[in-house]
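The next block holds one structure in the form of structure tokens; read it before the comments.
Both counts, for ligands and for their atoms, begin at 1 and track the order of listing.
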Amino acid sequence: MAHRWKPDLTQDDVTPYRAFLNRRQIVAGGVAGLGLAAMGAAPARALDLEPNDWEEITSYNNFYEFGTDKGDPKRHAGKMTTTPWTVRIDGMVDRPGDYDFTDIMERMTIEERIYRLRCVERWSMVVPWNGFELADLLDMVGVRPEARYVAFETLLRPDEMPGVRYNVIDWPYVEGLRLDEAMHPLTIMATGIYGKTIPNQNGAPMRLVVPWKYGYKSIKSVVRITLTDKQPPTAWNKYSAREYGFYSNVNPNVDHPRWSQAFEQKVGGGLFAQRVPTLMFNGYEDEVASLYAGMDLVKYH
Ligand SMILES: Nc1nc2c(c(=O)[nH]1)N[C@H]1C(S)=C(S)[C@@H](COP(=O)(O)O)O[C@H]1N2
Ligand SMILES: [Mo]
């Protein structure tokens, strides 16, 4: 890949990485006001990359196909059949078809990516995903030059999904990305957590993860990926366009119409859970801000 993102973080690296950030802070303090500002270097932020534990990640979920309670996905998603699993990849691609999940896995490089996850509801987690870059899958099928967007669709199987009898959203759950967002090296299809197969409640056998966007963009249990030249409809935008835009980049300065997005609370931590400031692009500003250069992030929220 031309611009493969260096997976700088694995579970073993989190502590050394923190030490590195602290060193950067010390260095920054030592030359305050002189070279760094001129070089345009931002002060180092100690990003919280301490992974949540398995229990937290797999029992506090949003997967409305199984119910709207945070515990419903774990309670009910066991019913979902994930083998065999085929993903239809179609639209503006050179090699459209129904791709078997096991064949996809044989061709992809699985990496560990420790990412922050920020739900629009203001809770957050850190998840050690395993997965592959979406760009690699798109390269496998060959994206045609006229494609501009990627549309995604979740499995819809009412007899295995007790939540879909309620018309909370318009099933199937659908999502979409601009092609450059989809090809960005931070964008992955996750197939595991903590080195284990991804549990059904987290979106087995493969789900999108776009760490700089609100969690609802990270669509679970994907069965169809369509390359298109039109901005695709998205589930939460259809529900309320005013509240949920197409872009949905994490942004502490653009409030949800019904609540501030300036702060968040990490799941876990019990009584001591702290409200912490939300970061622009969820802390991935250096990596992704250039995708939105010159865009009005309020209008295109
Ligand atoms: N198909 C589908 N995908 C979905 C959802 C959903 O209800 N259905 N919920 C989204 C929301 S709101 C969030 S915050 C994340 C939660 O992912 P997690 O349960 O793995 O933490 O999944 C997203 N993907
Ligand atoms: Mo969410």
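- Close approach of ligand 1 to Cys119 is summarised as follows: ligand atoms under 4.0 Å from at least one heavy atom of the residue are 14 (S).
- Listed by number with element, the atoms of ligand 1 under 4.0 Å from a non-hydrogen atom of Leu117 are 21 (O).
- Ring geometry for Phe66 versus Phe63: interplanar angle over 60°, hence perpendicular rather than tilted (30 to 60°).
- Here Glu175 contributes atom CD and Ser248 contributes atom OG; the two are 6.5 Å apart, rounded to the nearest 0.5 Å.
- Taking 4.5 Å as the limit, some side-chain heavy atom of Ile89 sits within range of a side-chain heavy atom of Leu137.
- Judged purely by atom type and a 3.5 angstrom limit, Glu243 has no side-chain atom pairing as donor or acceptor with the backbone of Pro257.
- Ligand 1 places these atoms under 4.0 Å from at least one heavy atom of Thr154: 1 (N).
- Of all protein heavy atoms, the one lying nearest to atom 17 (O) of ligand 1 is Arg207 NH2, 3.1 Å.
- The nearest heavy-atom contact from the protein to atom 9 (N) of ligand 1 is Asn62 O, 3.2 Å.
- Looking only at protein heavy atoms, the nearest one to atom 6 (C) of ligand 1 is Tyr173 CE1, 3.3 Å.
- Of the protein's non-hydrogen atoms, Tyr64 N, 2.7 Å is the one closest to atom 7 (O) of ligand 1.
- Under 4.0 angstrom from ligand 1, there are no non-hydrogen atoms of Ile57.
- Of all atoms in ligand 1, listed by their number and element, those nearer than 4.0 Å to a heavy atom of Glu65 are 1 (N), 2 (C), 6 (C), 7 (O), 8 (N).
- Counting only non-hydrogen atoms, the option in Phe152, Tyr214, Tyr216 that gets closest to atom 11 (C) of ligand 1 is Tyr216.
- Thr187 contributes a side-chain N or O that, together with a main-chain N or O of Glu181, makes up a donor-acceptor pair within less than 3.5 Å.
- Between Tyr60 and ligand 1, no pair of N/O atoms sits closer than 3.5 Å.
- Counting only distance, with no hydrogens or angles, the side chain of Asn282 and the backbone of Arg116 share a donor-acceptor pair below 3.5 Å.
- The closest donor-acceptor contact from the side chain of Arg122 to the backbone of Gln265 lies at 3.5 Å or more, if one exists at all.
- Under the 6.0 Å distance and 45° angle rule, Lys220 does not count as a cation-pi partner of Phe152.
- At a 4.0 Å heavy-atom cut-off, ligand 1 touches Trp123 through the side chain alone.
- The N/O atoms of Asn202, backbone and side chain alike, include one that comes under 3.5 Å of an N/O atom in ligand 1.
- Near Ser218, meaning under 4.0 Å from one of its heavy atoms, ligand 1 places the atoms 22 (O), 23 (C), 24 (N).
- Aromatic ring centres of Trp236 and Tyr244 lie closer together than 6.0 Å.
- Not a single heavy atom of Met125 lies less than 4.0 angstrom from ligand 1.
- Both Leu156 and Met206 are assigned to one and the same hydrophobic cluster, defined by single-linkage of ILVMFWY side chains at heavy-atom distances under 4.5 Å.
- For atom 19 (O) of ligand 1, the closest heavy atom belonging to the protein is Lys220 NZ, 2.6 Å.
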